[in-house]
Every structure is written in C-alpha cells, then in structure tokens.
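Okay, so here's the structure we're looking at.
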Amino acid sequence: MELFKYMEKYDYEQLVFCQDEQSGLKAIIAIHDTTLGPALGGTRMWTYENEEAAIEDALRLAKGMTYKNAAAGLNLGGGKTVIIGDPRKDKNEEMFRAFGRFIQGLNGRYITAEDVGTTVEDMDIIHDETDYVTGISPAFGSSGNPSPVTAYGVYRGMKAAAKAAFGTDSLEGKTIAVQGVGNVAYNLCRHLHEEGANLIVTDINKQSVQRAVEDFGARAVDPEEIYTQDCDIYAPCALGATINDDTIRQLKAKVIAGAANNQLKETRHGDQIHEMGIVYAPDYVINAGGVINVADELNGYNAERALKKVEGIYGNIERVLDISQRDGIPTYLAADRLAEERIERMRRSRSQFLQNGHSVLSRR
Ligand SMILES: NC(=O)c1ccc[n+]([C@@H]2O[C@H](COP(=O)([O-])OP(=O)(O)OC[C@H]3O[C@@H](n4cnc5c(N)ncnc54)[C@H](O)[C@@H]3O)[C@@H](O)[C@H]2O)c1
Ligand SMILES: CC(C)C[C@H](N)C(=O)O
C-alpha cells in the first residue's frame, strides 16, 4: 500500500505507529479528521494476517468514526487504534500502560475507548497513564462498557428501518438473523426477544451461541448459513465487509440493520442492495450509541442524558432514509451526505481565534 497516496485520497491527517518491545505492544493509531473536535474512536485488538491488513483496518475504521461522530451530532472528529495481537493471549498490564503513554503524547488529539478485543478493564489501565480515554469503570464516574448502549441504539435504528420496509416499526413476529452474538448483539437479542421477535443466531464462538439459544430461544445456525436464512432482517454484528459479492446473492432479508462497522465491502455493494430494494440502515449511523454514550463523559457523565440522545438514532435513521428517497440515492450515500455537510459547515464557520479556547475535557 502506498500510504501517503492512500492518506491523501481520503484526506487522513495522521498515522501513528507505536512499538514497545518489553510489553509486545504494536499499535497503529489512525486520526482521520479533527474538524469537529478531537478524534474519538475505540481500540481494536485483533490477530491480523499481516501489518498491511492492520493498517488498512485502522484507516478504514478511523474514517468511519469521523462520519459516525459527525452524523450523530457530536463535536468530535474520527480516529481509531488497532493493536496487533490475540486479545485472549497477548494482553498484559505493561502493554496498555505503554499504549496509554503514547495516547498522552498526542496531547488530546485522540481519545480512545473500547472496541472488539478490548474491555473496560483495559481502559482502566490506559487511564493510569492518560486522561484521554473513555468507557472506563463507573467507579471513576465514567460510563463503563458501551456495548449495551450501542445495542439499544441498534435496536432503535432497526425499528426505524423496519418501519420503512414493512410499514410498522413493531418487530413482534419478525424473524431476525443475527451474525455474531458478542457484547453488542447479546444485548440486542435481549431487546428483540422482549419485543417478540424470532431470532436466528450464529457465532464462531459456540458458547456465545449457546447462551443466546438458552436465554432467548434463538435458533442456531453455522456461520456460513446465516446469509441464506429465510428472515425479515439481517443484523451483521460481527466484523466488517459481510455485505459483498458472495453474500448479497444469498440474502433474503428486506432490511439490513446491525452493529458491525464497515459492513459494505465496497461502496458498490451499497448500490447493489439499494437496487434490490433492501432497506439498509448505514452502519455508522445505527451503531453510534456506544460513542454517544462514552462521549457524554467529556461533559461529566449523565446516563439519562446519554440514553436520550441514543434514542434519537431512530430519528437519525429516518433522516437518512428521507434523504435517500428525496435524492434517489442509496442510504450509505445519504448518510455520507449528512455527515460531510455537517463537517463542511463547521469547517467554514471556524474562523475566530480564541485566546482561551474551550477545552473538551474541561468539565470532566
Ligand atoms: N461494542 C460497541 O459498543 C460497538 C460500537 C459500535 C460498533 N461496534 C461494532 O460492532 C461489532 C461487534 O462488536 P462487539 O463489541 O459486540 O464485539 P464482540 O467481539 O463482543 O462480538 C463480536 C462477535 O462476533 C463473533 N464473530 C467473529 N467473526 C465471526 C464470523 N465470521 N461469524 C460469526 N461470528 C463471528 C465473535 O466470536 C464475537 O462473539 C464490531 O464490528 C464492532 O466494531 C461495537
Ligand atoms: C468509542 C467507542 C465506543 C467506539 C465503538 N467501538 C465504535 O465503533 O463506535
């Protein structure tokens, strides 16, 4: 990959490589855009096939956060970290402390939180070295694990998408195929089960599947079978790029609404599902609940205020669907338009110099 060419093409600001031999830390912090404020985005720990795959993931996820934060109405830019390693085997305290020091070195340009493979406990260790971390333990007056709140936002967004597809936002009796029943999707399944939806679940982790079967009466299928299920809604809640050439032709769902980041392998897949009449709730709009929740910490965390904002994901999805219909464009483009217009408006309006500018962490 020609890095500068890639960064120039999508207008990335900064890419930071962090290495600490003693702890085994190999981390890549990607900062995409800080027009709206400091770049906030989680830290993913994953076993990448090679370094290029890790860099690419960090870059793609960071850009997603710029759009997610902008579309959610947050005064935050977009960034993300990937740590190369197996979260089940390679973690240690020194690693997250070393990582925390690297974050501190960025002096507030980047603020982290959880993502796949990292936990509240990891964030607490990072917090030993830096203030620029969210999603830390409630004992610190913080918001804790963002996953249940992300799940609530996905549930709200799914209802809005269902309304557009089926004429009602009730999910009672609807069959929903959930791919990956990890932290977010387990909580999503709980909301769906409580509303009377029928659940089909899959995961590469058999215990996670078993838990959903036992707790919510879900029907389990093998990972590759999830795409061919007779269902109303497909909820991708594992990793990205599951909407691709292979899977689109297998899908029977009328709605795609799930938690995973970067669900479209390429943008043309968003065009394709639009042409097929599938209502697609764009990933970064529907899964913004977690970041909305952790971002509230920057104002002194208030769970009620955060949850109210997360409820608004229903309206955000409706707004995207309206733009899509009005302009005759796929929903992923409508979401991009919403986010880009806000960033552009703010870019143009930021012209006055303030001697003592407002600090985003001032009330924490
Ligand atoms: N946690 C959050 O608050 C949050 C917020 C926004 C977006 N997301 C995104 O939502 C997705 C899920 O996040 P999470 O926190 O629940 O992660 P998680 O690691 O707890 O859950 C992911 C699950 O997917 C499973 N999985 C992985 N590959 C699979 C495959 N090929 N087929 C089936 N299952 C597979 C894993 O075993 C795991 O159980 C991720 O893409 C994440 O980036 C999470
Ligand atoms: C800030 C975090 C809660 C970020 C979350 N992992 C996301 O992708 O939105």
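Read the numbers this way: they start at 1 and go in the same order the structure lists the ligands and their atoms.
- No side-chain donor-acceptor contact under 3.5 Å links Q14 and Y110.
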Protein N/O near ligand 2 N/O, under 3.5 Å, which pairs?
{"from": "ligand 2", "atom 1": "6 (N)", "to": "E114", "atom 2": "O", "distance (Å)": "3.0"}
{"from": "ligand 2", "atom 1": "6 (N)", "to": "D115", "atom 2": "OD1", "distance (Å)": "2.7"}
{"from": "ligand 2", "atom 1": "8 (O)", "to": "K68", "atom 2": "NZ", "distance (Å)": "3.0"}
{"from": "ligand 2", "atom 1": "8 (O)", "to": "K80", "atom 2": "NZ", "distance (Å)": "2.9"}
{"from": "ligand 2", "atom 1": "8 (O)", "to": "N261", "atom 2": "ND2", "distance (Å)": "3.0"}
{"from": "ligand 2", "atom 1": "9 (O)", "to": "K68", "atom 2": "NZ", "distance (Å)": "2.5"}

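- A side-chain donor from one of D336 and Y284 sits under 3.5 Å from a side-chain acceptor of the other.
- Sorted by chain then number, the residues whose non-hydrogen atoms approach ligand 1 to under 4.0 Å are R44, K68, D115, V116, P146, S147, T150, G180, G182, N183, V184, D203, I204, N205, C237, A238, A259, A260, N261, N287.
- Salt bridge status for R337 with D327: present, with a side-chain N to carboxylate O gap under 4.0 Å.
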Report all side-chain donor-acceptor pairs from residues 160-173 shorter than 3.5 Å, counting only partners two or more places apart or in another chain.
{"from": "T168", "atom 1": "OG1", "to": "S170", "atom 2": "N", "distance (Å)": "3.0"}
{"from": "D169", "atom 1": "OD2", "to": "Y314", "atom 2": "OH", "distance (Å)": "2.8"}
{"from": "S170", "atom 1": "OG", "to": "E172", "atom 2": "N", "distance (Å)": "3.2"}

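- The pair D203-K206 does not meet the salt-bridge criterion, since no charged nitrogen lies less than 4.0 angstrom from a carboxylate oxygen.
- Checked against R44 for a side chain to side chain contact (heavy atoms under 4.5 Å, CB included), the options I83, T118, L61 give a single hit: L61.
- In this view, T43 and T112 satisfy the side-chain hydrogen bond (donor to acceptor under 3.5 Å, both in side chains) rule, not counting sequence neighbours.
- A salt bridge between E344 and R347 is present, with a side-chain N of the basic residue lying under 4.0 Å from a carboxylate O of the acidic one.
- The aromatic ring centroids of H191 and Y152 lie less than 6.0 Å from each other.
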